[in-house]
A.B. asks: 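Once you've had a glance at the structure underneath, I'll fire off some questions.
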Amino acid sequence: MHRNAILGLALLFLAACHGEPDFDERYDAASQKIRDKAADIDARISGTGTPEAEVAQEDQGST
């Protein structure tokens with residue numbers, strides 16, 4: 001009986017720990033966010049025809 005209880009608790013702990021993302025998952029999510037933001041910035045620059053230096057100055061002024 002105790003053996004089954006210990007096994008049940010071990011499985012419960014394993015299931016609870018699985019919910020948090022590991023380093024690789026967090027890294028992939030952050031990388032995707034950065035790529036999306038870079039693509040958005042590139043699209044804004046190409047859409048306005050504004051040189052990158054001017055866009056950088058505008059972005060610094062808004063923060």
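For clarity, every value in this text was computed on a predicted model and none was experimentally measured.
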A.B. asks: Considering non-hydrogen atoms only, spot the tightest contact between A43 and S46 and give its length.
C.D. replies: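 In terms of heavy atoms, the two residues are closest at O-OG, 3.2 Å.
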
A.B. asks: State, to 0.1 Å, how close E20 and E25 come at their nearest heavy-atom pair, and which atoms those are.
C.D. replies: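 So the two residues come closest at O-OE1, 4.4 Å.
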
A.B. asks: Side-chain donor-acceptor pair under 3.5 Å between Q32 and D28, yes or no?
C.D. replies: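 Note: Q32 and D28 side chains miss the donor-acceptor criterion.
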
A.B. asks: How long is the span from the CD1 atom in I45 to the CG atom in D40, to the nearest 0.5 Å?
C.D. replies: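 Those atoms lie 10.0 Å apart.
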
